Amino acid sequence: MLDAVDAALMRALQGDGRATFQALADGVGLSRTAVRARVRQLVQSGAIRIVGVLHAGVVGMEVLGHVSFRVSGPVGPLLDALGEREAVTFAAQSAGRFPAVAQVRVADDAALTKELAELRSLPGVDGAEVFRAGSVFKDAHSSVRELRDVELDALDWRLVRRLLRDGRASYADLARQVGLSQAAARSRVVRLLDSGVIHVTAIVEPTALGANEQLGFGLRCRGDAEALGTVLANMARVSFLASGFGRYDVVGTLTAPDRCRLVEGLEAVRSTQGVAHVETWEHLSVRKERREGDRALEWIPG
């Protein structure tokens, strides 16, 4: 059973998956040895995975669209079709006005237009409404930090590949795996992190934590959607959040261990200053969920 200290460690690792054990210990008031043991237990139990997540811009997929489908007949065939599409990074059967929702990542708006035309022709689709994200504030499966211009060579890509699989790999291990000195490996990793190419984070496994409740929401706001997005992204129950334009001003996902705390999270969103209207949909069954690193592993050198 996870306690408040474990929860605090998970939040800290979501912010910086490569934080030192001493820094984590200072944050929770335990010894370095105790924190090391707790983090190891969290990983070994499957509660979290500490991995690198790649910026979508690195793989040329900077445009994100959230699609809500109107469907006639069973939803299963549509979900099967969505699961096979390269551009679809998330697909779920949902309860609400729309029986299926999906997220797509593509290179630009022209590619989004083309993808949407093909999605509307999938089996059972009677129509689709689209939210085009402008700013992504929170996403466990893709880095949301600003991507700076940086030239990457083969050694950088080899480091990226290894960090995607093990975000807390030691500098000594990374150096040995790519044939660099430890100091050189450290310098390159720091550069990759600072440039926004990759972000190391703790991916929380909902089933391991009993966090089986997921709720999508779209809202209209009064005033500045960017400012509202910054506030909402800091809420613990919010696992995904983006502002943009289309049917909503902001789209997000709430995740909680039970229905009661899911409702608490939703009430916190509704009561946030600047929120004018909220529409929700429950994720009944997630068909596909992919982080950007999974796509990148197919073509990254080394």
Side-chain angles (χ1 to χ4, degrees), residues 1-55 137-146 148 155-211 233-240 255-257 261 265 291-293 297:
M1 184 73 177
L2 300 180
D3 58 18
V5 173
D6 287 331
L9 287 172
M10 287 192 297
R11 287 193 297 270
L13 289 166
Q14 284 178 311
D16 180 6
R18 290 189 67 83
T20 66
F21 287 119
Q22 188 59 59
L24 294 170
D26 292 342
V28 298
L30 293 179
S31 70
R32 183 175 180 275
T33 301
V35 164
R36 181 194 291 270
R38 280 180 177 255
V39 171
R40 183 181 295 114
Q41 177 58 28
L42 287 170
V43 172
Q44 291 178 347
S45 69
I48 60 173
R49 290 180 296 124
I50 303 176
V51 296
V53 291
L54 205 61
H55 195 290
F137 297 94
K138 200 170 189 179
D139 185 354
H141 299 285
S142 176
S143 175
V144 299
R145 298 182 178 184
E146 179 183 359
R148 302 174 188 168
L155 287 174
D156 290 321
W157 284 121
R158 290 173 68 183
L159 288 168
V160 167
R161 174 180 283 275
R162 281 150 181 79
L163 288 169
L164 290 174
R165 291 180 169 137
D166 180 4
R168 284 190 73 85
S170 70
Y171 291 117
D173 286 342
L174 292 169
R176 183 168 54 255
Q177 290 168 1
V178 302
L180 291 171
S181 70
Q182 187 169 331
R186 180 186 181 93
S187 176
R188 284 176 177 262
V189 169
V190 170
R191 175 170 162 267
L192 291 169
L193 294 170
D194 288 346
S195 65
V197 168
I198 194 168
H199 171 58
V200 177
T201 186
I203 303 292
V204 177
E205 298 295 336
T207 54
L209 299 177
N234 288 322
M235 293 184 176
R237 299 291 178 209
V238 174
S239 54
F240 170 83
T255 305
R261 276 175 276 192
R291 60 191 178 100
E292 287 308 316
L297 283 170

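This chain uses plain numbering: 1 for the first residue, then up along the sequence. Just so it is clear, the structure is predicted and the values come from calculations on it, not from any experiment.
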Subject >> Side chains of Arg191 and Asp156 in contact at under 4.5 Å (non-hydrogen atoms) >> reply: yes
Subject >> Separation of Arg11 CZ from Asp6 CG (nearest 0.5 Å) >> reply: 10.5 Å
**OP:** Taking all heavy atoms of Arg237 and all of Ala256, pick out the closest pair and write down the distance.
**Re:** CD-CB, 4.1 Å
**OP:** To the nearest 0.5 angstrom, please state how far the CG atom of Leu42 sits from the CD atom of Gln44.
**Re:** 10.0 Å
Original post:
Nearest heavy-atom pair of Ala184 and Leu180: which atoms, and what distance?
Top reply: CB-CB, 4.2 Å
**OP:** Quick one: pull up CD in Gln14 and NE2 in His199 and give me the separation to the nearest 0.5 Å.
**Re:** 8.5 Å
Original post:
Is there a donor-acceptor pair closer than 3.5 Å between any side-chain N or O of Arg148 and the backbone N or O of Val197?
Top reply: no
**OP:** Could you pull out the closest heavy-atom pair between Tyr171 and Val190, with the gap in Å?
**Re:** OH-CG2, 4.2 Å
Subject >> More than 12 heavy atoms from other groups under 6.0 Å of CZ on Arg168 >> reply: yes
Subject >> Validation row: Val43, Ile48 side chains within 4.5 angstrom (heavy atoms) >> reply: yes
Original post:
Just how far is it from atom CG of Leu193 to atom CD1 of Ile198, taken to the nearest 0.5 Å?
Top reply: 7.0 Å
Original post:
Between atom CG of Asp16 and atom CD1 of Ile50, what is the distance when rounded to the nearest 0.5 Å?
Top reply: 10.0 Å
Original post:
With side chains defined as the heavy atoms from C-beta onward, is the minimum distance between Gln177 and Arg158 less than 4.5 Å?
Top reply: no
Original post:
Taking side chain as C-beta onward, heavy atoms only, is Asp26 less than 4.5 Å from Gln22?
Top reply: yes
Original post:
Is the shortest heavy-atom distance from the side chain of Arg38 to the side chain of Leu24 under 4.5 Å?
Top reply: no
Original post:
Between Ala8 and Val28, which heavy-atom pair has the shortest distance, and what is it?
Top reply: CB-CG1, 3.9 Å
**OP:** Mind listing the closest non-hydrogen atom pair of Ala34 and Ser31 along with its distance?
**Re:** N-OG, 3.1 Å
Subject >> Inter-residue atom distance Phe240.CZ - Thr255.OG1, 0.5 Å rounding >> reply: 11.5 Å
